[in-house]
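Take a look at the structure set out below.
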Protein chains: 4
Amino acid sequence: MSIGEADLRRTGRPRDPACDQAILRATREVFAEEGYAGVSVEGIAARAGVGKATIYRRYSTKAHLVVEAIRDGAAVEDFAPDTGDLRADLLTMMQPLASALRGENAKLLTTFAMERMRNPELAEEFNRSIIGRKREHVRQLVAGAAARGELRPGADVDLIAEALPAFLWHHAVYNLPITDDLLDRVLDLALR
Amino acid sequence: MSIGEADLRRTGRPRDPACDQAILRATREVFAEEGYAGVSVEGIAARAGVGKATIYRRYSTKAHLVVEAIRDGAAVEDFAPDTGDLRADLLTMMQPLASALRGENAKLLTTFAMERMRNPELAEEFNRSIIGRKREHVRQLVAGAAARGELRPGADVDLIAEALPAFLWHHAVYNLPITDDLLDRVLDLALR
Amino acid sequence: MSIGEADLRRTGRPRDPACDQAILRATREVFAEEGYAGVSVEGIAARAGVGKATIYRRYSTKAHLVVEAIRDGAAVEDFAPDTGDLRADLLTMMQPLASALRGENAKLLTTFAMERMRNPELAEEFNRSIIGRKREHVRQLVAGAAARGELRPGADVDLIAEALPAFLWHHAVYNLPITDDLLDRVLDLALR
Amino acid sequence: MSIGEADLRRTGRPRDPACDQAILRATREVFAEEGYAGVSVEGIAARAGVGKATIYRRYSTKAHLVVEAIRDGAAVEDFAPDTGDLRADLLTMMQPLASALRGENAKLLTTFAMERMRNPELAEEFNRSIIGRKREHVRQLVAGAAARGELRPGADVDLIAEALPAFLWHHAVYNLPITDDLLDRVLDLALR
DNA sequence: ACATAAGCGAGACGGTACGTCTCGTCTTCTG
DNA sequence: CAGAAGACGAGACGTACCGTCTCGCTTATGT
C-alpha cells in the first residue's frame with residue numbers, strides 16, 4: 001500500500017530519484033558491457049557520480065543492485081487476453097517475452113532467471129515481474145480451447161501450455177536466434 | 001600427443017592422483033551448493049586438504065578449475081544411435097540427460113547451465129561437455145526420418161529436434177517434475 | 001558584544017538551551033570514556049536526542065564541539081592572588097587544578113591534555129581554558145619572592161614555578177594518588 | 001623464547017623482513033608529518049609499496065600498527081647504574097629519556113604516552129619500552145643515598161625520585177625546551 | 001646409491017573489491 | 001526560523017579472494 005509505505009518514511013530528507021536512475025542506469029551499462037563480474041559497486045558509484053553509501057542505502061548487496069537494475073530495465077509486459085482465438089491469444093501474450101529475450105536485455109533476463117535459482121526471495125520477484133499470471137492464464141486458455149474442441153482429442157494441455165515459454169527460454173539460453181516466425185512455428189507444432 | 005606429453009615430464013615426483021580427485025570433488029560440492037561465486041580457491045584447497053599451488057599447478061584459473069570439476073563429474077553420456085526408429089533413437093539419446101537432470105547432479109547441471117551465461121569461459125566448456133555432438137546428431141536423425149517419410153510432410157525438423165532438450169531444461173529450471181513419461185509425452189507432441 | 005549578538009538573532013524560534021546542555025553533556029561523557037576518536041557526531045546526536053544539524057548549527061566541527069564541551073565542563077578556576085606569602089599564594093592557585101585532577105573530571109582533563117598533542121585545534125583551546133594566565137602569574141609570584149629575598153640566593157625561579165604543575169600532572173597521568181598533602185610536600189621540596 | 005617462536009611458524013613462506021621495515025618506516029614518517037589522524041592504512045600500504053593484507057597480517061589494527069611503529073623507532077635505552085654517586089647515576093639513567101624527548105621522536109613518545117591511557121595493553125608496553133625498570137631503580141638509588149646520609153635528613157625520597165621524569169615529561173608535553181642543563185637544574189632543585 | 005627434478009602443504013605477497021562507518025553538508029517536514 | 005530526521009559525496013576501515021611467489025619437505029626416476 002502506498003499509504004503504508006509513506007508512513008514508514010515520512011520524515012527526513014527524501015531520497016533523490018535522480019540518484020536512483022543514475023545508479024540503475026550505470027549498473028545496466030556496465031553489466032551489458034562487462035558482465036556481472038565486471039560490475040563493481042565502487043565503479044558504479046564513480047560512474048553514477050554518487051557515494052557508495054547512496055548505493056548501499058538502496059541495495060544491500062552487489063547482487064541485489066544488479067538484479068534490481070535489470071528488473072528496472074527489463075520488466076516484461078503482462079497481457080491476459082481471452083478472445084476465443086487460442087492461437088491469437090497465445091501470440092499476444094508471449095510476444096512481449098519474445099521481444100525482451102531478443103532485445104538488448106536478453107542477457108539481463110537470462111541472468112535474472114539464473115540468480116533466482118539460488119536466491120529464494122528473487123524467485124518470487126521473478127515470478128511477479130517476468131512470469132506474472134502468464135503461466136496459469138496460458139493453461140486456462142489451452143484448457144478452454146480443448147473443452148471447445150478446438151484441439152484434437154486427448155491433446156496434452158499442460159505440455160501445450162508449456163511449449164512457448166520452453167522454446168523461447170531454450171533459444172535465449174542457448175543463444176539461438178529468436179526469429180520473427182519462431183512463435184508461429186512453435187504454435188504450429190504444439191497446436192497440431 | 002600422449003608420447004610428447006609423457007616426454008615433457010618423465011622426471012621428478014609424479015602428480016598425486018588422489019589430489020586430483022579431492023580437488024575436483026570439493027569443487028563440485030561447493031559449486032553445486034553455493035554457485036560459482038561461492039567457490040573460492042582458498043576454500044577448495046582447505047576442503048581438499050591441499051595447498052593452493054597444487055590447484056594452480058593443474059588449473060590456471062578459478063574458472064578453469066570449476067569447468068574441469070563439472071566436466072569430470074557431470075559429463076552426460078553421448079550416444080549416437082541410428083537404428084532407423086526415430087522415436088527409439090531420440091529416447092536413447094535423451095535418456096542420459098533426463099537422468100542427469102533428475103539425479104543428484106541436477107543442481108550441478110542447472111547451476112552450470114545458468115552460470116555459463118555470466119561467465120563466457122564456462123560457456124564453451126558447457127557446449128563441449130554437456131551438449132557435445134548431440135544437437136547436430138538429433139537434427140540429422142530427425143532430418144533422416146523426414147526424408148524417409150516417417151514424419152508428416154512439412155514437419156519442422158529444427159523445432160522437433162529441439163523439443164526434447166527444450167522441455168527437459170524448462171522442467172529442470174522451473175523445478176517441475178521430470179517424470180518417467182515426460183519424454184514420451186514430448187515425443188507424442190513433437191512427432192505427431 | 002551581547003547587544004550586537006542579540007540584534008543578529010531577534011527573529012524566529014530561539015535556540016533551545018536544553019539542547020546546548022544535552023549536547024555538551026553527551027560529548028563530555030563519551031569523550032571521557034572513549035577519547036577523541038571515540039566521539040562521533042552521529043553518536044552524540046543520538047545520545048543527546050538531537051539532530052545532527054542542531055549540533056553543526058552550534059559547532060562547525062567535531063573538534064570545535066569537543067573543545068567547547070570540555071571547556072564548559074572542565075574549566076579550572078583562575079585566581080591571581082598576590083598576598084606576599086608565596087607559599088600561600090601558590091597553594092591558592094594550584095588548589096583548583098589539584099581538585100580537578102582528583103575529582104570526577106580527572107579523566108576528562110588528562111584525556112584533554114593528551115589528546116591535544118595530536119589535535120592542534122585542541123592545543124590552543126587547552127592553553128586558554130586550562131592553563132590560562134596561571135603560568136606567567138606563578139612565575140611572577142616566584143620572581144617577586146626571590147626579589148624580596150624570600151628564597152635562597154640563586155634559586156631557580158623558572159623551575160620552582162613549574163614544580164607544582166609538573167608533579168600534579170605527573171601524578172594524574174601515572175594514576176598516582178593526588179593526596180591532600182602532596183602540594184605541601186612539593187612546596188617543601190621546591191621552596192627549600 | 002626463540003625456540004618456541006620458531007616452532008609456531010616453521011612452515012610456509014617466511015615473512016619478508018623488508019616489508020616489516022618499509023611498513024614501520026612509512027608509518028613513522030606519516031605519523032610525524034600528519035599525526036595519528038593523518039595515518040591511513042591504505043596510504044601506508046601505498047607509501048611502503050605493500051598490499052594492505054601485508055600490513056593487517058602483522059598488525060590487527062591501525063592503532064596497533066602506529067604503536068608498533070613508534071615502539072620500533074622510539075624505544076628508550078635502559079641503564080641501571082649504581083656507582084654510589086647519586087647525582088651521576090640519575091644523570092646516566094635519565095639522559096636517554098631526555099634525548100628521546102628532545103629528538104625527532106618527541107612527538108611519537110608523547111603520543112604513545114597518551115594512547116596508553118585508554119588502551120590497557122599499551123600501558124604495559126609503554127612500561128616495558130619507555131619506563132622499564134627506571135622507576136623502581138631510581139627510588140632505590142635515592143633511598144640508598146638517603147640511608148648513606150647523602151641527602152639532608154627527612155628528605156622526601158619518593159618525590160625526589162619522581163622529580164626528573166616529572167619535569168622531563170612536563171616539558172615535553174608542554175613543548176617547553178629540554179635544554180642540555182635542564183637535568184642539572186632539576187637535580188640541583190631536588191637534591192638540595 | 002644417490003643426485004636431480006618435480007610435487008606437495010603452508011602461507012606470505014601485491015592487488016582489488018566488498019560492505020560498514022563517520023564526516024560535514026544538504027534537504028525536507030513539523031512545530 | 002529551529003529542530004528531528006535522514007539522504008548525500010567522500011573516503012578510510014578491516015575482511016576476503018585472486019593468482020603469484022617462496023619455503024622446507026617428500027617422492028620417483030636415471031645414471
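These numbers were taken from a predicted model, which means no experiment stands behind them. Scope of the values below: all heavy atoms of this structure, side chains included, with no hydrogens, waters or symmetry mates. Sequence lines set the chain letters: A, B, ... in the order given, protein chains first and strands last, and positions in each chain run from 1.
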Quick one: on DNA chain F, does B/Lys62 or A/Glu42 contact a more 5' nucleotide (nearest heavy atom)? A/Glu42

Heavy-atom nearest nucleotide on DNA chain F for C/Ala48 versus B/Pro14: which residue maps closer to 5'?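 Nearest nucleotide further toward 5': that of C/Ala48.
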
I want to check something: taking the side chain as every heavy atom from C-beta on, are B/Phe112 and B/Tyr36 in contact at a cut-off of under 4.5 Å? no

Determine which pairs satisfy salt bridge (charged side-chain N to carboxylate O under 4.0 Å, His left out) with at least one residue from residues 48-65 of chain B, sequence neighbours left out, and list them in order.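 Non-adjacent pairs meeting salt bridge (charged side-chain N to carboxylate O under 4.0 Å, His left out): B/Asp20-B/Arg58, B/Glu42-B/Lys52.
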
Residues in side-chain hydrogen bond (donor to acceptor under 3.5 Å, both in side chains) with B/Asp72, at least two apart? B/Arg28

Pairing residues for D/Arg71 by the side-chain contact (heavy atoms from CB on, under 4.5 Å) criterion, not counting sequence neighbours: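 In terms of side-chain contact (heavy atoms from CB on, under 4.5 Å), with neighbours along the sequence ignored, D/Arg71 is linked to D/Glu68, D/Glu125, D/Ser129.
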
Who are the side-chain contact (heavy atoms from CB on, under 4.5 Å) partners of B/Ala22, not counting sequence neighbours? B/Ala48

Without decimals, in angstroms, what is the distance between B/His64 NE2 and F/dT20 P?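 After rounding, the gap between these two atoms is 13 Å.
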
Nearest-Å distance, CD1 (C/Ile44) to C1' (E/dC23)?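 So the two atoms are 14 Å apart, to the nearest Å.
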
Hey, can you pull the residues of residues 50-58 of chain D with a non-hydrogen atom under 4.0 angstrom from DNA chain E?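 Heavy-atom cutoff 4.0 Å gives D/Val50, D/Gly51, D/Lys52, D/Ala53, D/Thr54, D/Arg57, D/Arg58.
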
Touch check for D/Gly49, heavy atoms < 4.0 angstrom, all strands: base, sugar-phosphate only, or nothing?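 Sugar-phosphate, no base atom in range.
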
With distance as the sole test, does D/Thr61 use its side chain to make a donor-acceptor pair with the main-chain N or O of D/His64 at under 3.5 Å?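 Side chain of D/Thr61 to backbone of D/His64: no pair is present.
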
Looking at DNA chain F, which of residues 16-29 of chain A put a heavy atom within less than 4.0 Å of it?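 Of all residues in residues 16-29 of chain A, the ones placing a heavy atom under 4.0 Å from DNA chain F are A/Asp16, A/Cys19.
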
Examine the base of F/dA28 for any acceptor or donor lying under 3.5 Å from a partner atom in the side chain of B/Arg13, and report the outcome as yes or no.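 Side chain to base: no pair present.
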
